[in-house]
S.K.: 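Below is a structure I'd like to ask you about.
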Amino acid sequence: MSGDHSHNDSQIDSGSRINDTHKHKDKYKDKEHKHKDHKKDKEREKSKYGNSDHKDFSEKKHREKEKERVKHKDGSTDRHKDKHKDKDKRKEENIKPKKEKENGFASPPRIKCEPDNDDFYHSPKSLKRERDDDEAEVKPKKIKTENDRVDKKGKKRKPGDEDIKPKKTQKNKKGDVTEGKKKAKKEPEEKWKWWEEERYTDGSKWRFLEHKGPVMAAPYEPLPSNVRFSYDGKSMKLSLGAEEVATFFAKMLDHEYTTKEIFQKNFFNDWRKEMTSEERAKITDLKKCNFNEMAEYFKAQSEARKAMTKEDKLKIKAENERLLQEYGFCIMDNHKERIANFRIEPPGLFRGRGDHPKMGMLKRRIRPEDIIINCSKDSKHPKPPPGTKWKEVRHDNKVTWLVSWTENIQGSIKYIMLNPSSRIKGEKDWQKYETARNLKKCVERLRHQYREDWKSKEMKIRQRAVALYFIDKLALRAGNEKEEGESADTVGCCSLRVEHINLHAEKDGQEFVVEFDFLGKDSIRYYNKVPVEKRVFKNLQLFMENKQPEDDLFDRLNTSILNKHLQELMDGLTAKVFRTYNASITLQQQLKELTNPDENLPAKILSYNRANRAVAILCNHQRAAPKTFEKSMQNLQAKIDAKKDQLAEAKRDLKGAKADLKVRRDEKSKKALESKKKAVERVEEQLMKLEVQATDREENKQIALGTSKLNYLDPRISVAWCKKWGIPIEKIYNKTQREKFAWAIDMADEDFEF
DNA sequence: TAATGAACTTAGAAGTTCATTA
DNA sequence: TAATGAACTTCTAAGTTCATTA
């Protein structure tokens, strides 16, 4: 993938969250950055020169090839290239694309005869859930932990849906539970297949909801008196409130955060607010504060925790489990469901990402009086801790959250919601992929449209069209406007500024190259050089005319305009659907391309990871290279070397055995030969496995696969692939992932097509 | 129509657990 | 059996989108 989307040198840089264009803003930051950059450079050098010797050349070649496959020299992906090529040709020949009719852009053909249920599966907008309303009016006495309702309703997914097959659900004994929790806890009862049931059509999210409320943060435990804080060389006893905030800082002392000026400033500011007036009068300079004893104390504590006896550790584990059982589940519409985050966020210092102007501010302790509870009127309401009250108890079944509170840093609302394995999250997830599949049906029409719009007389439309092209081709995020000074300066497509792109009429032998360099979500750098079509290039020049670097590139556009437009083109279409669509379609294509039927299991899994990786690169999902990367790589290489020696030896043995047989020609030496042969094969396979592992790890150094796997890739593609090649699903998804994607694992068969 | 608020998804880092190896 | 490192889980920040309000 050449210079574009990926790990060329400049891309490696991109792991650093530094935006060069912002250097001038803050001297301090600048220093920080340089330091970081320097470290990165060093690392890069190391990996370039130090660490590569273990890799043989052909492997590297292979990786390069892989990159090539994913992206072309010109930065376009295969899919785009081909499709655009097709389009161009068609245009020239003035022929209507064959596909158009087949896909029925305006309104996709029905696959099934019953319109109602057809819609149910294919048009997320009209997803239905015709539950018996009476069922939920009353507080359920019985919590279904199984799929018994399916039978009752007798109505499930329609056969005839191309990719979704009805499962025979064998009726199971009801998981009758009076108290809900207890029973469900023990039997690993059959999983509820919510995907075989219908959805609510009235916008409500549930009929019945009962839970125990959140787990509050543990109260502050004062420091023992021998652990002291000192100011200006003199130890001093802090008031409880001030001490608590001081411990937050002390706990972070060896984190880079505490070296940053803004962090220090914000912390000190907020800390002083918690001090008594005497303390405030005395403590006026952070530099004079000594937190070391505190920091040591916490370090010792964490050591002690590690060194605890097995027994004590088990005790803690049991207590956690108890909490989980008590607070970690709720009852929603007859089913016991896992809650994702049932703990209230503890107080601490705010850790923003990138250059966040509010880093270091005090995240205050949340009290019951701050908390809104959401549950059914007729449920057993959660009790606030003794002597306290909730802010409010409401019964809003149009939302999915159980608990909410307003956080003090940005003033935004935080929620407690259900686990990804829950019905309510799963349905939404499934629906997301169905929308993306709908986009697949009309994406060619949309691409044609925005290409036409590049020529529009209206600036607004041109901008919209160019932005959409970027979102489609590069999988950029929509890019909402942000309030300045409230968070790190990051952008997405619509909020790109002139300073974020560079135009090159010619670069590295390519025409019309756009060079992107900006900080995206989480202040992750996006760096990419992309050849674009001439018309796009010319438009960009136009958009940039008479503008300052800090001006908006698309000054006539924002996400709301863009999304309104998209909504008109396809029901349910928004900018982010393109990311989902392009990610999933890329996975599917890459899997097709990379999977070699003759290869063994580890090789196939490597192919899967490579396909996954292609998507992660497309979506710019990066991670900091693990601190231990070099070392672990070396260790692995040592293992490989040892294995090679072992193989050589095994081969020698084999040779010897052959010679033996020639001389002796007896049964015994024949047998010996066989076993030596087997030994060689075994070692060869082991070696291969190790080598594959090394390749995989190396290629993954700075790329995070998890995000795309969890959020962008239609799990049915992976499930189908596993089924097709006989790969155990466990090789691809761990337990949590299997729970989240249970619906896909159950419904997709090997010929599922995204 | 822009600003604000609310709800929900997506994100990487940090923390914890588990498996492997010396 | 401890140390190590990878895998997995948790945490919560940072996005997108849609609804509401001014």
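Each chain gets a letter, A, B and so on, in the order the sequences are listed, and its residues count up from 1.
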S.K.: Among all residues two or more places apart in sequence or in another chain, which pass the side chain to side chain donor-acceptor pair (under 3.5 Å) test with A/T247?
M.R.: none
S.K.: Tell me what A/E407 touches on the nucleic acid: a base, only sugar-phosphate, or nothing, going by heavy atoms under 4.0 Å.
M.R.: nothing
S.K.: Would you mind checking if A/R423 and A/E337 are paired as a salt bridge, meaning a charged N to carboxylate O distance below 4.0 Å?
M.R.: no
S.K.: Taking side chain to side chain donor-acceptor pair (under 3.5 Å) as the test, write out the residues that go with A/Q686, two or more places apart.
M.R.: A/K643
S.K.: Which part of the nucleic acid, if any, lies within contact of A/K205, taking any heavy atom under 4.0 Å across all strands shown: a base, the sugar-phosphate backbone alone, or nothing?
M.R.: sugar-phosphate
S.K.: Report the residues that fulfil side chain to side chain contact (heavy atoms under 4.5 Å, CB included) with A/L601, sequence neighbours left out, ordered by chain and then residue number.
M.R.: A/I605, A/I727, A/P728, A/K731
S.K.: Atom NZ of A/K432 to atom P of B/dT9: distance rounded to whole Å?
M.R.: 8 Å
S.K.: With sequence neighbours excluded, tell me which residues meet side chain to side chain contact (heavy atoms under 4.5 Å, CB included) with A/A217.
M.R.: A/P346, A/P347, A/R365
S.K.: How is A/G520 classified with respect to the nucleic acid when contacts are heavy atoms under 4.0 Å: base, sugar-phosphate, or nothing?
M.R.: sugar-phosphate
S.K.: Give the B/S/- string for nucleotides 15-22 of chain B, one per nucleotide from 5' to 3', where a protein heavy atom under 4.0 Å of the base yields B, of only the sugar-phosphate yields S, and otherwise -.
M.R.: ------S-
S.K.: Check every atom of B/dC8, B/dT10, C/dA14 against the side chain of A/K428 and return the nucleotide holding the closest atom.
M.R.: B/dC8
S.K.: Under a 3.5 Å cutoff on both atom distances, Watson-Crick or G-U, what's the dot-bracket for DNA chain C ([ ] crossing, | other strand)?
M.R.: ||||||||||||||||||||||
S.K.: Between A/Y712 and B/dT9, is there a side-chain N or O to OP1/OP2 distance below 4.0 Å?
M.R.: no
S.K.: State which of B/dA13, B/dC8, C/dA14 makes the closest approach to the side chain of A/H356.
M.R.: C/dA14
S.K.: Strictly below 4.0 Å: does A/R477 bring a side-chain N or O up to OP1 or OP2 of B/dA11?
M.R.: yes
S.K.: Please give, in whole Å, the distance from B/dT9 P to A/K576 NZ?
M.R.: 8 Å
S.K.: Just wondering, are more than 12 heavy atoms of other shown residues or ligands nearer than 6.0 Å to NZ in A/K313?
M.R.: yes
S.K.: Sugar-phosphate means primed atoms, P, OP1 and OP2; the rest is base. With that split, encode nucleotides 4-12 of chain C 5' to 3' as B, S or - using protein heavy atoms under 4.0 Å.
M.R.: -SS-SSSSS
S.K.: State whether A/E319 and A/R322 are salt-bridged, where the test is any N-O pair (Lys NZ or Arg NE/NH1/NH2 against Asp/Glu carboxylate O) under 4.0 Å.
M.R.: yes
S.K.: With sequence neighbours left out, write down each residue that passes ring pair (Phe, Tyr, Trp, His ring centres under 6.0 Å) with A/F342, or none if nothing qualifies.
M.R.: none
S.K.: Over how many whole Å does the gap from A/D489 atom CG to C/dG15 atom P extend?
M.R.: 10 Å
S.K.: Can you check the A/I561 CD1 to B/dT1 P distance for me, whole Å?
M.R.: 9 Å
S.K.: What pairs with A/V399 under side chain to side chain contact (heavy atoms under 4.5 Å, CB included), at least two apart in sequence or on another chain?
M.R.: A/N374, A/D396, A/W401
S.K.: Look at all strands and tell whether A/Y415 reaches a base, only sugar-phosphate, or nothing, counting heavy atoms closer than 4.0 Å.
M.R.: base
S.K.: For a quick check of understanding: with a heavy-atom distance under 4.0 Å over all strands, which category does A/A488 fall into, base, sugar-phosphate or nothing?
M.R.: nothing
S.K.: Under a 3.5 Å threshold, yes or no: a donor from one side chain and an acceptor from the other, between A/D472 and A/N582?
M.R.: yes
S.K.: Charged N to carboxylate O under 4.0 angstrom, A/D202 versus A/K398?
M.R.: no
S.K.: Compare side-chain N and O positions of A/Q410 against OP1 and OP2 of C/dA13 and report whether any pair is under 4.0 Å apart.
M.R.: no
S.K.: Across the strands shown, which category fits A/S412 at heavy-atom distances under 4.0 angstrom: base, sugar-phosphate, nothing?
M.R.: nothing
S.K.: Select from A/K564 and A/H621 the residue whose nearest nucleotide in DNA chain B is closer to the 5' end of that strand.
M.R.: A/K564
S.K.: In whole Å, I'd like the distance from the CG atom of A/N563 to the P atom of B/dC8.
M.R.: 18 Å
S.K.: Please work out if A/D429 contacts a base, only the sugar-phosphate, or nothing of the nucleic acid, heavy-atom cut-off 4.0 Å.
M.R.: nothing
S.K.: For A/F263, which residues count as a ring pair (Phe, Tyr, Trp, His ring centres under 6.0 Å) partner, sequence neighbours excluded?
M.R.: A/Y257
S.K.: Please list, chain by chain and in numerical order, all residues satisfying side chain to side chain contact (heavy atoms under 4.5 Å, CB included) with A/K460, sequence neighbours excluded.
M.R.: A/E458, A/R556, A/I561
S.K.: I'd like to know if A/K521 reaches the base of B/dT10 with its side chain such that a donor and an acceptor end up less than 3.5 angstrom apart.
M.R.: yes
S.K.: With sequence neighbours left out, write down each residue that passes side chain to side chain donor-acceptor pair (under 3.5 Å) with A/K740, or none if nothing qualifies.
M.R.: none
S.K.: Using a heavy-atom cut-off of under 4.0 Å over every strand shown, decide if A/G479 touches base, sugar-phosphate, or nothing.
M.R.: sugar-phosphate
S.K.: Classify the nucleic acid contact of A/S404 as base, sugar-phosphate or nothing, counting any heavy atom under 4.0 Å across all strands shown.
M.R.: nothing
S.K.: For the pair made of OH in A/Y526 and C1' in B/dA11, what is the distance, rounded to whole Å?
M.R.: 17 Å
S.K.: Atom NZ of A/K482 and atom C1' of C/dG15: how far apart are they, to the nearest Å?
M.R.: 8 Å
S.K.: Rounded off to whole Å, could you give me the NZ-to-P distance for the A/K313 and C/dT1 pair?
M.R.: 14 Å
S.K.: Between A/R579 and B/dA11, is there a side-chain N or O to OP1/OP2 distance below 4.0 Å?
M.R.: yes
S.K.: Relative to the 5' end of DNA chain B, which residue comes earlier, A/A704 or A/D396, by the nucleotide with the nearest heavy atom?
M.R.: A/D396
